[in-house]
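The next block holds one structure in the form of structure tokens; read it before the comments.
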Amino acid sequence: MIIALWLFTLVLVGLWTLTAALAAAGLGWLISQAPVAADWAAKAASLPMPPWLGLWMDPALAEWTRQLAVQGLQGMSAVLPWLQPVLGWLVPLTWVVWGLGLVGLLGLAAVGHWAALRWKRRRV
């Protein structure tokens, strides 16, 4: 039981680490793209809708979705330069939250280990 507990903990730690690494990489990419964010809305507005999308979605709904994305990108490009200093702190903050989560996971596993040992002693 104790081995299964620690193997389960190891899997959770791996998933937690993968999630933190992907979040940090995504935030790093977003920070690096802030200077060119103003071009995103213009590029998205000029993209034509693919013809195959008409088979899966109503063309009016597809156009509405594209317009919504363009407006979202315009808003993001207006706000992103203002948020860039804040975004610089998000990558280290991601790893701090990862560390706190890791301590929590290991703490729960240690409590489970202790409880399993105590339960085993009582059964004997």
Side-chain angles (χ1 to χ4, degrees):
M1 176 141 170
I2 292 173
I3 293 173
L5 171 75
W6 284 104
L7 285 175
F8 182 69
T9 302
L10 182 65
V11 169
L12 286 180
V13 166
L15 290 173
W16 181 244
T17 303
L18 179 65
T19 302
L22 289 174
L27 288 169
W29 175 82
L30 186 62
I31 292 167
S32 71
Q33 296 299 313
V36 296
D39 298 336
W40 292 351
K43 288 179 183 177
S46 67
L47 285 175
M49 294 302 286
W52 58 265
L53 193 59
L55 298 174
W56 296 95
M57 184 183 277
D58 180 37
L61 179 62
E63 181 61 29
W64 178 80
T65 305
R66 187 174 71 81
Q67 288 298 325
L68 186 67
V70 168
Q71 289 174 358
L73 287 171
Q74 287 171 342
M76 190 175 73
S77 66
V79 172
L80 200 55
W82 178 73
L83 286 177
Q84 193 169 7
V86 175
L87 290 175
W89 284 96
L90 287 179
V91 174
L93 182 64
T94 300
W95 289 111
V96 168
V97 170
W98 169 82
L100 293 172
L102 181 66
V103 168
L105 282 172
L106 293 177
L108 287 173
V111 167
H113 184 116
W114 173 79
L117 286 177
R118 188 172 168 153
W119 181 66
K120 186 177 178 182
R121 283 188 205 142
R122 284 192 174 182
R123 284 190 71 201
V124 173

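When a residue number appears, it is its place in the shown sequence, counting from 1.
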Give, for atom CG of Leu102 and atom OG1 of Thr9, the distance between the pair rounded to the nearest 0.5 Å.
10.5 Å

Within the structure provided, determine whether Asp58 and Trp64 are in side-chain contact (heavy-atom separation under 4.5 Å).
no

Examine Val11 and Val103 and state if one hydrophobic cluster contains both, with Ile, Leu, Val, Met, Phe, Trp and Tyr joined whenever side-chain heavy atoms are less than 4.5 Å apart.
no

To the nearest 0.5 Å, atom OG1 of Thr94 lies from atom CG of Leu90 at 6.0 Å

Can you tell me how far CG of Leu12 sits from CG of Leu7, rounded to the nearest 0.5 angstrom?
11.0 Å

I'd like to know if Trp16 and Phe8 are part of one continuous hydrophobic network [Ile/Leu/Val/Met/Phe/Trp/Tyr, side-chain heavy atoms within less than 4.5 Å].
yes

Spatial distance of atom CG (Leu15) from atom OG1 (Thr19) [nearest 0.5 Å]:
6.5 Å

If you link ILVMFWY side chains whenever their heavy atoms are less than 4.5 Å apart, which other residues fall into the same cluster as Leu100? By chain and number, please.
Val96

In terms of heavy-atom contacts, does CH2 of Trp95 have more than 12 from other residues, nucleotides or ligands at under 6.0 Å?
yes

hydrophobic_cluster_shared for Trp98 and Leu106, side chain cutoff 4.5 Å
yes

Side chains of Gln71 and Gln67: do they bring a donor and an acceptor to under 3.5 Å?
no

Connected-component partners of Met1 among ILVMFWY, side-chain separation under 4.5 Å
none

Using side chain to side chain donor-acceptor pair (under 3.5 Å) as the criterion, list what pairs up with Trp6, not counting sequence neighbours.
His113

Mind checking whether Leu73 and Val70 sit in one hydrophobic cluster, side chains of I, L, V, M, F, W, Y counted as touching below 4.5 Å?
no

Do Leu5 and Val111 sit in the same hydrophobic cluster, where Ile, Leu, Val, Met, Phe, Trp and Tyr count as joined when their side-chain heavy atoms come under 4.5 Å apart?
no

Note: Pro92 and Gly88 closest approach over all heavy atoms is CD-O, 3.4 Å

